[in-house]
Amino acid sequence: MTDVAQIVADERLKKESFGARLMKRPELGAIAGVVLVTIFFLFTADSAMFTLSGIMNFMTPAAQLGILAIGAAMLMIGGEFDLSIGSMVAFAGLIFGSCVVTFGLPLLLAIPITFLFAALVGAVNGSIVLRTGLPSFIVTLAFLFVLRGVSLVGLKLATGGSTQLRGVRDAIEGDFLTPLFSGDAFSGVFAWLARIGVVETFKNGTPKVPGIPVEILWFIAIALAATYILLRTPYGNWIFAAGGDRNAASNSGVPVRRVKIALFMLTACCAALVAIITVMDSGSTDARRGFMKEFEAIIAAVIGGCLLTGGYGSAIGAFFGAIIFGMVVIGLSYTNFDQDWFQVFLGGMLLIAVLFNNYIRKRVTGER
Amino acid sequence: MGKPIIHMENIEKHFGNIIALAGVSFDVVPGECHCLLGDNGAGKSTFIKTMSGVHKPTKGSITLDGKPMNFDSPRDAMEAGIATVFQDLAMIPLMSVTRNFFMGREPTKGSGPFKRLDINTANEICVNSMREMGINLRGPDQAVGTLSGGERQTVAIARAVHFGAKVLILDEPTSALGVRQTSNVLATIDRVRKQGVGVVFITHNVRHSLAVGDRFTVLNRGKTLGTAARGEITAEELQDLMAGGQELASLEGSLGGTV
Ligand SMILES: Nc1ncnc2c1ncn2[C@@H]1O[C@H](COP(=O)(O)OP(=O)(O)OP(=O)(O)O)[C@@H](O)[C@H]1O
Ligand SMILES: [Mg+2]
């Protein structure tokens, strides 16, 4: 036998339709959500929303949230939560901002230092959860406040009383790493596309879309990498196992502690990446950075098919969950609806997603 | 009899103020099936868990191939060639049969950053191992949660047989199995024993233990009542020991001598 296809067909197996197989995929709900939201805005929103510049417009916030959501999703699949990622964005922003502004470090040092601090906090979070056996929900809730407070105090120390640290843009001007984390990529290609008339231009001839914002590329790259790890490597199997049943996984030889601590560190690093990108983008950092993002990220992960109990979910699902967010946040401004419907939408989506996931889980496990 | 692969000396295990094991000695030699018997709560599962790295013994020593061993995790024990079917099976319902089968020890192909799961090989080994145990899987990607109790138990046994290079520990592996699958498991024990693997077999069924056992150790209330070799003990005596244990042994001093 060299091929799975040769595994004899079993007469106790009904031929499963493509639809039925699709129903078992965790990301189905999020993809269906994207389709529904797209249809909704096609009817209600200004047609500008689905032009190239409109798409970049909603993909940018989607990407910033999505990087967090993919980290959160992997951690949730591994059976844990991290409520501190929003505050971690502020904390990492502070570390990064003071590295480049206060200490005048080049990005080559500032970026690794930021990731190092984030990973360290992630490891502390994880170690406390694993050592004490307390729910990660509570431990990271504590860090939600601790990190937010530290960011506030730290900002005041760094600036001499203000809660905003400015001057990042000047400090990173001309650094060779800057284009990796801020601005638009492929601007040459877009300029060329504009010349041959594929991309619309302003009156002075510059393209309306100067390139792809780098966070979108990071977002796509991270989604692909996370999916590859989850589905095609032993580590992915360990993550699903650790989240599915910690004891069973550990008894079967999965290094559960190592897996979970690595996931906490990864999630914190995702927050640090978002901090670096957004701080470089806005040229300053403040204590409200990443406020409430932990909830949005977890909601995006849940819309993406992650079970709150762990052991099930998908990074691609979180990817689409974040896109739904971006579409609705930005899309509402293209419609006549009040922007504040967003909150209602958020709650509604979460409820529908949880009900749907619950149903899917029962189907997958054959639970009755 | 050969030199033991694994030797457990005076193992004690306390959980807080609960004494689960109060000094149990036990060994397994290559090519034998050593049955571990005893009443519910006697400490059988706790004992084999110290052997497979789940619990650290409170006191006592473990020697593997003559060298003192100190397992920090089940992973360590597995790397030393000890595979276990736990009483609770250690399966993840949401994951597929193949992913459960190889959990923690996935086959890979490629190297460096391109090292990835070898799903085809994994599926193939999994389906073949299950077929050898007398179960034809519908598909290796079926979630374990949708398997029947016996099918699930068979996955756990097939997995342990596949990975148990030196010692195979089976904690009540036949409790949910049908007639055909049970005799398959007993035949498998016989087969791997002939390959030189040491088997530890926990069961409540005297007939099963007499069918494959070379030696029999009876536990009672965290202590051994003694070890008997095949032929030294009758089914009735074994049954009495397993059921009544200490009371019987102390009531009839003569019995204690024979075991
Ligand atoms: N983690 C634990 N904490 C506290 N007590 C425990 C723990 N594990 C086992 N025990 C106790 O140790 C004793 C032995 O349990 P064990 O599971 O080893 O029994 P057993 O011989 O396998 O029984 P059975 O035949 O029912 O499987 C029991 O009284 C049990 O309550
Ligand atoms: Mg037991």
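Below, chain A is the first sequence line, B the second, and so on; all start at residue 1.
Here the closest non-hydrogen pair linking Leu94(B) and Leu307(A) is CD1-CD1, 4.1 Å. Residues Arg99(B) and Leu230(A) share a closest heavy-atom pair of NH1-O, 4.1 Å. Residues Asn251(A) and Val54(B) approach most closely at OD1-CG2, 3.3 Å, considering heavy atoms. Here the shortest heavy-atom pairing between Lys115(B) and Tyr228(A) reads O-OH, 4.1 Å.
Looking only at heavy-atom pairs under 4.5 Å with chain B, the residue among Ile229(A), Val254(A), Leu231(A), Asn237(A) that has the most is Asn237(A). Of the listed residues (Ala248(A), Gly236(A), Gly244(A)), the greatest number of heavy-atom pairs within a distance under 4.5 Å of chain B belongs to Ala248(A).
One distance of note links CE of Met103(B) with CH2 of Trp238(A); it measures 12.5 Å at 0.5 Å rounding. Tyr235(A) OH to Leu117(B) CG: the interatomic distance, rounded to the nearest 0.5 Å, is 11.0 Å.
Met91(B) is not listed as a side-chain neighbour of Asp245(A), based on a closest heavy-atom distance of 4.5 Å or more. Between Arg159(B) and Ser252(A), some side-chain heavy-atom pair lies under the 4.5 Å cut-off. Here the side chains of Arg232(A) and Ile119(B) are in contact, with some heavy-atom distance below 4.5 Å.
Residue Lys59(B) qualifies as open at atom NZ: its count of foreign heavy atoms under 6.0 Å is 12 or below.
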Handout entry: Intermediate values then yes/no, side-chain contact (heavy atoms from CB on, under 4.5 Å), Thr233(A) and Glu106(B)
Key = CA-CA 8 Å; Thr233(A) 67; Glu106(B) 296 78 1; over 6 Å; no
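For Ser73(B), no part sits under 4.5 Å from any heavy atom of chain A, backbone or side chain.
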